[in-house]
Amino acid sequence: MKRFFSIFTAMALVGSLLAGCGGSSEAGGQQNGGQQGGQAQQTGGPVTLTFWTTMRETETVALKELISQFEQENKEIKVNLELIPFGEAQNKFRTAAQAGNGPDVIRSEVAWTPEFAKMGLLEPLDSYFKDQDDFLEAPLSYSKWNGHVWSVPEVTDALALLYNKRMLKEAGFNEPPRTMDEFAAAAKALSNGKDRWGFYHRQTEAYFSLPFVWSFGGGLIDDNLQVLINTPGAVKGIEFALKLRDQDHAYPKDLDAANSYQNMNEAFKKGNAAMIFNGPWATSDILAGEQFRDPNNLGIAPIPAGPDGQTGSPVGGHSLAIYAGSKSKEAAYKLIAFLTSRESQAKLASKNGTLPTRRSAYDMPEIKENRLISDFKAVMESAKNRPVIPEGGQIFASFDPEIQAIYKGEKKPQEGLDAVAGAWKALLGQ
């Protein structure tokens, strides 16, 4: 889900209960540690599934309740839930799966799925996953690669325009800005250039600049692997963001990479900033702030549209996939189907503040009654996917340092984005 709050550390490999044999997957192009689909089911007692989740421990309360319900309804299946820190999970699964020791079910960040699939580490779900029409298009797209479907979307997210309703209203703005021109006008009107800002922008992570890139007609990498990050629209978007800071004085020059995310949220919570870009994962923290003791003061709106009506917000999230070497694929998918049902998604969303991936989940009472989740649905309808390619999880390695150089004034937007484009072309072998 959320690459901007992940912390990458090292951790010793924990072996799973199941081990596969050598072989290759149906559509993967490389050798892996598990057999091609169709291994024998475990016999001689209940099937034990090992399930790796990247949820934070506080989020697993609802998940454990669902697993307990699943086990009650499926007496022949037991679930061994293991909590794997998000920052370690990608490498940990890759290492374990290649050694034949992957878990039966993995909670995969959306950008990891194509990479794992190309390596032959995931079981294709074409014959399992039949109700795809009920899923939102953006998160479902991350599950598909190379003509196959590899995972089932569990939760999704996207950046929204979060705003302080009271502050905007006191400045004469009764509605959130719908265009970038309106956004700039509101941001300037609400700033004094010292300690009160109309906007607070995270400048040290490129993810948070993507709304500007897309609203002005830029892009990342398209379906034909054409690199779009240094196109005129992308450059105009970053130039617009810089003008807001350097000429309009609408947000501060915060280049503290370690603390800029917290600084942004704290300014918003205290009323020192009227608007930010952030996602649903941040709402519980924001609602603890003094400005939002009345939760109705928190506004949630789609990213404002650019001059040609374009807009965009990066889609993130997680999906559930089956390790290609699992000996219990049928049982594994039964667990996945249960955890991604509309009832289960609605429960997780209402407890954890996440966004369901099923359309029908938004009709559940607990979701309809949750104003914050309902408001984020409108954001998701205009959100955009990052490139669904095996290299998708690596694009920010070169993007982040270049965006920092741009905001520091070390490079012009065109120069910095040209460098990103060059790195991406090398990554793609172009």
Which residues pass the ring pair (Phe, Tyr, Trp, His ring centres under 6.0 Å) test with [X], sequence neighbours left out?
X    : result
Y163 : none
F93  : F116
W424 : F399

For [X], does the [atom1] atom have more than 12 heavy-atom neighbours from other residues, nucleotides or ligands under 6.0 Å away?
X    : atom1 : answer
D133 : CG    : no
E290 : CD    : yes
K269 : NZ    : yes

Would you confirm whether the ring centroid of Y333 sits within less than 6.0 angstrom of the ring centroid of Y128? yes
Are F86 and H318, when compared by the centres of their aromatic rings, separated by less than 6.0 Å? yes
Can you check whether [X] reaches [Y] side chain to side chain, under 4.5 Å on heavy atoms?
X    : Y    : value
F216 : M180 : yes
T156 : M380 : yes
V105 : T50  : no

Please work out which of the three classes, parallel, tilted or perpendicular, describes the rings of [Y] and [X], given edges at 30° and 60°.
X    : Y    : result
H201 : Y251 : perpendicular
F268 : F292 : tilted
F199 : F212 : perpendicular

Is the backbone N or O of [Y] less than 3.5 Å from a side-chain atom of [X], with the two atoms forming a donor-acceptor pair by type?
X    : Y    : answer
W214 : S313 : no
Y362 : I373 : no
S374 : E369 : no

Scan side-chain atoms only and decide if [X] and [Y] contain a donor-acceptor pair under the 3.5 Å cut-off.
X    : Y    : result
N164 : Q291 : yes
D195 : N272 : no
S260 : T204 : yes
S108 : T113 : yes
S209 : Y407 : yes
E115 : Q90  : yes
D418 : Q414 : yes

Is the NZ or CZ atom of K92 positioned over W52's six-membered ring, under 6.0 angstrom from the centre and within 45° of the axis? yes
Is the closest basic N to carboxylate O distance between R371 and E366 below 4.0 Å? no
Considering only NZ, NE, NH1 and NH2 on the basic side and carboxylate oxygens on the acidic side, decide whether R107 and E154 come within less than 4.0 Å. yes
Rounding to 0.5 Å, atoms CD (Q262) and CZ (R202) come to a distance of 10.5 Å
Between the CZ atom in R196 and the CG atom in L190, the distance rounded to the nearest 0.5 Å is 5.5 Å
Residues passing the side chain to side chain donor-acceptor pair (under 3.5 Å) test with N370, sequence neighbours excluded, are none
Side chain to side chain donor-acceptor pair (under 3.5 Å) with Q203: which of R245, K408, K253? R245
Applied to residues 332-358, the salt bridge (Lys or Arg N to Asp or Glu O under 4.0 Å) test, sequence neighbours excluded, yields E65-K347, E76-K334, D131-R358, D134-R358
Given salt bridge (charged side-chain N to carboxylate O under 4.0 Å, His left out), test K236 with E239 step by step and report yes or no. CA-CA 5 Å; K236 288 178 182 177; E239 289 175 341; over 6 Å; no
If the condition is side chain to side chain contact (heavy atoms under 4.5 Å, CB included), which residues does N263 pass it with, not counting sequence neighbours? Y200, D254, D256, N259
